[in-house]
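Just below is one structure, and these are the notes that go with it.
Not measured: the values here are computed from a predicted model.
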Amino acid sequence: MILRKNKSGDSQSQSRRSELGAQLSTPVRTFMATEAGSAGLLLVAVAVALVWANSPWSEAYTSLWHTDLSLSLGNAELSMDLGHWVNDGLMALFFFVIGLEVRYEVSVGELNSRSRVMIPALAGIGGMAVPILLYLLIAPGGDAATGWGIVIGTDTAFMLGALAIVGPRFVTQLRVFLLAITVIDDIVAVTVIGVVYSGSISVPQLIIALVLGVVLSALTRFGVWQAAPYVLIVLVMWLATLQAGLHASIAGMLGGLLIPATSPSREGVEQAARLFRAFRQSPLADVGKTARKGLQKAVSVNERLQTFLHPWSSYVIVPVFALANAGVDLRDGVLTNALTSRVTWAVVVGLVIGKLLGIWGGSWLGTRTGLGKLPTGVGHGHVLGGGVLSGIGFTVSLLIVGLAFEDPVIRAEATVGVLLAAVFSVAVGWLVFHLAAVLRGETDADLPRYLDRPVDPETDHILGPPDAPLTLVEYGDFECPFCARATGVTAELRQRFGDRFRYVFRHLPLPDVHPHAELAARAAVSADYQGRFWEMHNLLYEHQDELEYEDTAGYAADLGLDVERFLRDLNDERTAARVRADAASAEASGARGAPTFFVGNRRHTGPYDAATLALKLEALEEASGSQAPTK
């Protein structure tokens, strides 16, 4: 579900993912449904905490989180009450997952190029600076002023759940944009927690934690692909950070940031495929063990850890944290006092209004000054709505409430402010999205989903009967190691559907990633002028590492083409224009990387193996048959 932009560095990630790699190395964006689904569980936890804390059994709620839990090994002992185990232990794991996500986005995701990061960075900075300013303007001085960090963060899971409920029907692009902003929020929030809200520092323990960080970052250089050594070092880093007097979230975030994320290499995926085929032929335990190791090695440690930990973070850690921290006793006038407290409303205004103005203002400033542009399909009305929903601070905000205030009265007022901000953010967000749709026509915040230019037998490259009822269009790049020719998708589908199927190839060279892709595309078009497109198409894929100018001339000679005419056509403007026309149609159709497939005229998302595409084609055939007129 990560959408790539043509001519940007992050296109490399998508162009290098095979069907096998895409299924095994699920990036963070495939967990959005998990995060959105966990929002409901989080709300239940909040409700249980509030009811419990305001019931006749409220003392049991308080005493539960003050219950001591100790772990000992020999003379070494670690003892904390359950509340601290949640806030210093489970939340460190929560921030570890966030650190993994951030490293992924910076390495191969949405933040790995300057052009993609500028607008989210400005929006993220505005989304922190304006809330802090509003909080300090409204909150009284003294101890209350130390709570300015409460309005920095955004609860990603809660925000995505709200976006799924009150946002537009299709929000893929807006979701990616908002997540890029939360990456910046998370880094700053953890830094603030570690620097501002930590106690006295023990230098020796801090040095140990830093040395362990160096060791962690060096593991990859030594070819360590197993997850266990990384996890063990992060665990010891957590202990050292805790003993050093820093909040343990620092260790979690730093540990995640130091575990690298890489796209699956072609060699790694092909090796995994060979091992899997060996197991299929010889289903023995030792062969299966080797195949499993090959599959794991094909995917980075970062993504494997995300795959395992993300559901635990969303469905266990965040709800348990809410259960432990949202239970405010609102009896005996506490709620009335909170509703008239400047601290409460400083939190509400900072999160709801501050996030709205800061995120929208930062993105507006960036686009206005030409530093970048909003993602395709995202309008300023969408940004306003997303900015409001970003005021759901919840997890990070409640954590900072507990760290910033020792006074139970101020802590209760700030907690009520965080809860009210979440309610107001959802309500105002719904209103903003509704007004954006009605007044500005900003409905779906997504890439185009339909083929911009219909298939034309006169200009398109078609394999199969030109009038076949089933159509698969691929936007491909001849240097992409996992496009259809390499994965065998086309051959399998032609064998399965026969003359009912036609395959259309369109050019989407990604020159910033694959320097020879555009020349190769022109070579294929030049061969088409002499009626040999598909032969050249196959040769170019078979020799992806040999696509220099002289190489293409040699392939023309091997095919028996008129080489002089071929080279003349290769440099002709009409040839380049045909390649540009395909790339333009890809942009208009929502294709942002190679390969991108269209089943019929609709863009396909998800795995692009032959079995998946065949199911989509069969569904298209069934739908077409049911709509055919009866005699």
Side-chain angles (χ1 to χ4, degrees), residues 3-12 14-15 113 115-116 370 372-373 375-377 447-463 466 471-481 483-485 502-541 544 547-549 551-553 555-556 561 565-598 601 603-604:
L3 302 174
R4 308 296 180 199
K5 185 176 181 180
N6 187 23
K7 296 187 178 182
S8 88
D10 55 6
S11 300
Q12 187 174 16
Q14 182 168 345
S15 68
S113 68
S115 61
R116 300 297 292 268
K373 60 181 182 179
T376 303
L447 290 170
R449 294 183 296 278
Y450 292 93
L451 199 63
D452 173 69
R453 191 184 75 204
V455 175
D456 183 358
E458 297 297 323
T459 57
D460 275 314
H461 311 299
I462 301 177
L463 192 61
T471 301
L472 180 71
V473 179
E474 178 192 359
Y475 285 95
D477 176 315
F478 286 112
E479 276 193 279
C480 162
C483 287
R485 179 66 179 86
R502 63 176 181 176
Y503 166 69
V504 181
F505 183 88
R506 288 181 176 176
H507 304 283
L508 181 53
L510 305 171
D512 288 351
V513 180
H514 301 138
H516 306 102
E518 193 165 346
L519 175 65
R522 295 207 313 268
V525 173
S526 300
D528 188 42
Y529 295 142
Q530 299 185 47
R532 306 296 293 276
F533 172 82
W534 291 107
E535 292 89 338
M536 179 63 78
H537 167 278
N538 294 343
L539 273 177
L540 293 171
Y541 270 130
Q544 289 186 314
L547 296 178
E548 301 284 352
Y549 186 87
D551 297 322
T552 61
Y555 303 147
L561 302 180
R565 177 187 171 188
F566 172 84
L567 293 177
R568 191 166 56 248
D569 290 335
L570 188 65
N571 297 301
D572 196 297
E573 172 58 26
R574 65 168 181 157
T575 303
R578 285 188 63 179
V579 175
R580 288 198 302 270
D582 275 2
S585 74
E587 177 81 15
S589 303
R592 293 296 184 269
T596 296
F597 291 96
F598 286 77
N601 68 339
R603 180 163 50 84
H604 170 74

In Å and rounded to the nearest 0.5 Å, what is the CG to OG1 distance from N601 to T471?
-> 9.0 Å
Any donor-acceptor pair under 3.5 Å linking the side chain of D528 with the backbone of A524?
-> no
Taking the side chain as every heavy atom from C-beta outward, state whether D551 and H516 have any atom pair closer than 4.5 Å.
-> no
Pairwise distance NE2(H604) to CG(L472) - rounded to 0.5 angstrom | 9.0 Å
Distance flag, aromatic centroids of H461 and Y503, threshold under 6.0 Å | no
Can you check salt bridge (Lys or Arg N to Asp or Glu O under 4.0 Å) on D572 and R522, steps first, answer last?
-> CA-CA 9 Å; D572 196 297; R522 295 207 313 268; over 6 Å; no
Can you check whether R574 reaches V525 side chain to side chain, under 4.5 Å on heavy atoms?
-> no
Are F533 and L463 close enough that some pair of their side-chain heavy atoms sits under 4.5 Å apart?
-> no
Rounded distance [0.5 Å steps], CD in Q544 versus CG in D477 | 8.5 Å
Is there side-chain contact between R532 and F566, with heavy atoms separated by less than 4.5 Å?
-> no
Given L570 and T575, is the side chain to side chain contact (heavy atoms under 4.5 Å, CB included) satisfied, shown in steps?
-> CA-CA 7 Å; L570 188 65; T575 303; 5.7 Å; no
Side chain proximity check, L519 to L547, heavy atoms < 4.5 angstrom = no
Quick one: is the NZ or CZ of R506 closer than 6.0 Å to the six-membered ring centre of F598, and within 45° of its axis?
-> no
Is the shortest heavy-atom distance from the side chain of I462 to the side chain of V504 under 4.5 Å?
-> yes
Beyond-backbone contact of L561 with Y555, side-chain heavy atoms, under 4.5 angstrom = no
Strictly under 6.0 Å, is that where the ring centroids of F478 and F505 end up?
-> yes
On a heavy-atom basis, the closest approach of L540 and A520 is CD1-O, 3.3 Å
With a 4.5 Å heavy-atom cut-off, do S589 and R453 have their side chains touching?
-> no
If you take all heavy atoms of T376 and L447, which pair is closest and at what distance?
-> CB-CD2, 3.8 Å
Could you pull out the closest heavy-atom pair between L510 and A594, with the gap in Å?
-> CD1-N, 4.0 Å
Contact summary for S585 and D582, nearest pair of heavy atoms = OG-O, 2.7 Å
Between P509 and V579, what is the shortest heavy-atom contact and its length?
-> CG-CG1, 3.9 Å
Is E518 salt-bridged to R580, going by a charged N under 4.0 Å from an acidic O?
-> no
Measure the spacing between OH of Y541 and CD of E479 and express it to the nearest 0.5 Å.
-> 11.0 Å
